[in-house]
Amino acid sequence: MSLSALQKERYKYQPKLPPVLRQQLDAIEVKLGEPTQSVANQEELKALFPNTYGQPVAHIVSGKNPAAQRPLTVGVILSGGQAPGGHNVIAGLFDGLKKGHSESRLLGFLGGPIGLINGKYVEITAEMMDRYRNTGGFDIIGSGRDKIETQEQLDKVVAVCQQIGLDGVVIIGGDDSNTNAAVLAEYFKKIGSSTQVVGCPKTIDGDLKNAHIETSFGFDTACKTYSELIGNICRDALSAKKYWHFIKLMGRSASHIALECALQTQPNICLIGEEVAEKKLTLNQIVEAVAEVISRRAEKGLNFGVALIPEGLIEFIPEVGSLIARLSDVLAHDAEGPAEFDKISGLEGQLTWLKGHLPPENFAVFESLPTEIQKQLLLDRDSHGNVQVSLIETEKLIVEMVKRKLKVWAQEGRYKGKFSALTHFFGYEGRCAFPSNFDADYCYSLGYTAYVLFRNGLTGYLSSVRNTHRSADEWTCGGIPITMMMNIEQRHGKPKPVIRKALVDLGGKPFKTFAANREAWAVETAYLFPGAIQYYGPSEVCDQPTRTLILEQEG
Ligand code: FBP
């Protein structure tokens, strides 16, 4: 197979580890802190996780490791959406295992959690590992969105682990997958199995973070990739001076990606879902705010601009969120509803049906939406009948409604500009990029840390690397008990123990920095052009973490 020049160079790149992990393994030990508590619902969680609740935070420090050395067999799963760096988590784990004992084995379960349920795996060899070092993607073993939840699934997993003689499993995933890791760790302990479970925090969305987990991997590379593209579009807008570009960015629930990209590129508009929800803004108010910026720029002769829209915005708008929830109810949970509805052909007939089944206030919102969006709300339902929010073209919705608004303002003599809009969606473009140096180093360290946690007998932990806003020479590492990050939330109408998702903190420094500048960015043209991710060169060009991480950690 022929390789690109960058591919060849990246294979050779040696990721940076925290200083403590650069030592021989017998010079590293784990120090345990005080017992911990979950972030909420302590009594319920203690009852649900009697064997793993309250474990102490684990710090990996220099010392002596008395652990008797025998070969370990460990499994690894990639779970959920791709995120740059996943291969390096596996590489760090692999190298740790082999350093610990040359006969240790790493098994990769294929296609995500379903691979563990069905016992489908490959053994990761040194030669195979070397073909994936420092590359993007999850293609080494594939990923999937299945869950290990039911008793039948748990039984199958236990049987697979026993048959192989697995000492441990690493689950590389987001909040849901690591909630699963906690459930699995608890179950293994409950049945007296010695198989350990350790998670690694993954998601480009950046919403798996808390007081102990500074960032999820992949966020850095994805945001830098999108910011390069946004910067290029800013430059195009500035050159042609004739288009408004509306760019939707991934981030199913939280707006971290949009916020970080705004900090990196200084667009004219960036909507933040969490702020919309907090201020209870209506769709009309959002549209007016966007139209206002367009109008003010037009007054200065600037009929161009760039607007960023987070994917999850639509659900944060209270009236649309309520419509989506109600639509999902009538189309998914009402036994008669879906079958009857699916027989109707044509939007007109569907509208009549909905009028009779939706509360009037929800129907009024539905009726006010552009036809294309109405169709998407009705067509794009998942296997449970729920509306698939990520497939709704929010960027087109906003453009359509802004057009209508500007037309009215033009008739009233309030707006005299020209509005020509283009829409974009940046999502998949960033999920499998070559990991930035930050993600390559961070992921390798997370994987290596996971091995050290296994070696020291820990289970039910999330691998953690800290002080990541500084150079890797100052990084520290350890393990955080997963139950510590959990609370009880309603999921599909039932209370469930889950890791609390991190939304954009409106009181936090990243949002405040954005809010303090957005007025100037709206009317002045203050674009930044970050350019492509650099892998080689001065450290301030190629090793810098995200603005979000720096602002959050520097306090
Ligand atoms: P994870 O949370 O599993 O990492 O996935 C996040 C994400 O990339 C979202 O930003 C996006 O909405 C979603 O995955 C797309 O999912 P799919 O890959 O199933 O189309």
Side-chain angles (χ1 to χ4, degrees), residues 77-89 111-114 136-139 141-148 170-181 199-210 213 215-227 229 247-261 272-274 308-316 324 376 380-384 386-395 424-433 435 439 442-443 446 462 485 489 491 498-504 546 548:
I77 299 172
L78 290 162
S79 182
Q82 283 70 250
H87 289 158
N88 267 27
V89 178
I114 197 76
F138 279 6
D139 44 321
I141 49 173
S143 184
R145 290 198 182 276
D146 297 282
K147 295 206 169 81
I148 305 166
V170 174
I171 297 185
I172 303 174
D175 51 339
D176 276 350
S177 311
N178 281 300
T179 294
N180 247 223
C200 283
K202 171 236 69 166
T203 175
I204 61 160
D205 290 3
D207 53 12
L208 173 49
K209 63 178 170 184
N210 49 51
I213 301 296
T215 187
S216 57
F217 79 76
F219 177 70
D220 187 90
T221 311
C223 289
K224 285 173 179 163
T225 305
Y226 302 140
S227 295
L229 299 175
I247 304 169
K248 183 173 80 167
L249 292 159
M250 264 192 182
R252 196 199 314 245
S253 308
S255 310
H256 298 292
I257 293 179
L259 178 57
E260 171 64 25
C261 291
I272 299 295
E274 289 81 345
L308 305 185
I309 298 166
E311 180 182 61
L313 176 79
I314 190 113
E315 262 191 320
F316 279 110
I324 289 173
Q376 283 166 18
D380 298 327
R381 285 181 282 138
D382 68 13
S383 52
H384 305 285
N386 296 318
V387 172
Q388 290 207 62
V389 178
S390 66
L391 299 180
I392 297 170
E393 295 175 314
T394 322
E395 69 285 20
H424 313 261
F425 171 37
F426 297 156
Y428 299 95
E429 293 84 344
R431 295 202 315 183
C432 286
D439 270 330
Y442 182 51
C443 289
L446 286 172
L462 201 56
M485 305 165 205
E489 289 175 20
R491 294 282 163 97
V498 290
I499 294 179
R500 186 182 269 177
K501 216 182 245 307
L503 300 182
V504 168
T546 56
T548 302

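Order of appearance sets the numbers: ligands from 1, and atoms from 1 within every ligand. Side chains are part of it too, since the values below use all heavy atoms of this structure and drop only hydrogens, waters and symmetry mates.
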(request) Provide, to 0.1 Å, the distance between atom 12 (O) of ligand 1 and the closest protein heavy atom, together with that atom's residue and name. (result) Glu311 OE1, 2.7 Å

(request) Considering heavy atoms of the protein only, find what lies nearest to atom 15 (C) of ligand 1 and give residue, atom and distance to 0.1 Å. (result) Arg431 NH1, 3.6 Å

(message) Between Glu489 and Lys501, is there a side-chain heavy-atom distance shorter than 4.5 Å?
(response) no

(message) If we set the cut-off at 4.0 Å for heavy atoms, which region of Thr203 has an atom near ligand 1: side chain, backbone, both, or neither?
(response) both

(request) Answer yes or no for Ala83: is there a heavy-atom contact with ligand 1 below 4.0 Å? (result) no

(message) Taking the side chain as everything from C-beta on, heavy atoms only, tell me whether Phe426 gets closer than 4.5 Å to Ile257.
(response) no

(request) Just jot down the ligand 1 atoms closer than 4.0 angstrom to any heavy atom of Tyr428, in number order. (result) 15 (C), 17 (P), 18 (O), 20 (O)

(message) Could you tell me if the side chain of Ile141 sits less than 4.5 Å from the side chain of Leu78, heavy atoms only?
(response) yes

(message) Polar contacts were defined as any N/O atom of the residue lying under 3.5 Å from an N/O atom of the ligand; does this apply to Asp205 and ligand 1?
(response) yes

(request) State, without any angle test, whether Ser253 and Asp207 hold a side-chain donor-acceptor pair at a distance under 3.5 Å. (result) no

(request) State, with a plain yes or no, whether a side-chain heavy atom of Thr548 is found less than 4.5 Å away from one of Phe219. (result) yes

(request) Return the residue, atom name and 0.1 Å-rounded distance of the protein heavy atom closest to atom 13 (C) of ligand 1. (result) Arg252 NH2, 3.5 Å

(request) Find all atoms of ligand 1 within a distance of less than 4.0 Å from any non-hydrogen atom belonging to Lys202, and give their numbers and elements. (result) 1 (P), 3 (O), 4 (O)

(request) Taking only heavy atoms of Gly80 into account, list the atoms of ligand 1 that are under 4.0 Å away from them. (result) 3 (O)

(message) Do Thr215 and Tyr442 have side chains that approach each other closer than 4.5 Å (heavy atoms only, starting at C-beta)?
(response) yes

(message) Just so I know, are the side chains of Tyr428 and Met250 near enough to count as touching, which here means a heavy-atom distance under 4.5 Å?
(response) yes

(request) Answer yes or no: is there a side-chain heavy-atom contact under 4.5 Å between Asp176 and Lys147? (result) yes

(message) Below a 4.0 angstrom heavy-atom separation, can you tell me which part of Gln82, side chain or backbone, both or neither, approaches ligand 1?
(response) neither

(request) Could you list the atoms of ligand 1 found under 4.0 angstrom from a heavy atom of Ile204? (result) 8 (O)

(message) Which residue and atom name correspond to the protein heavy atom nearest atom 16 (O) of ligand 1, and how close is it?
(response) Arg145 NH2, 3.1 Å

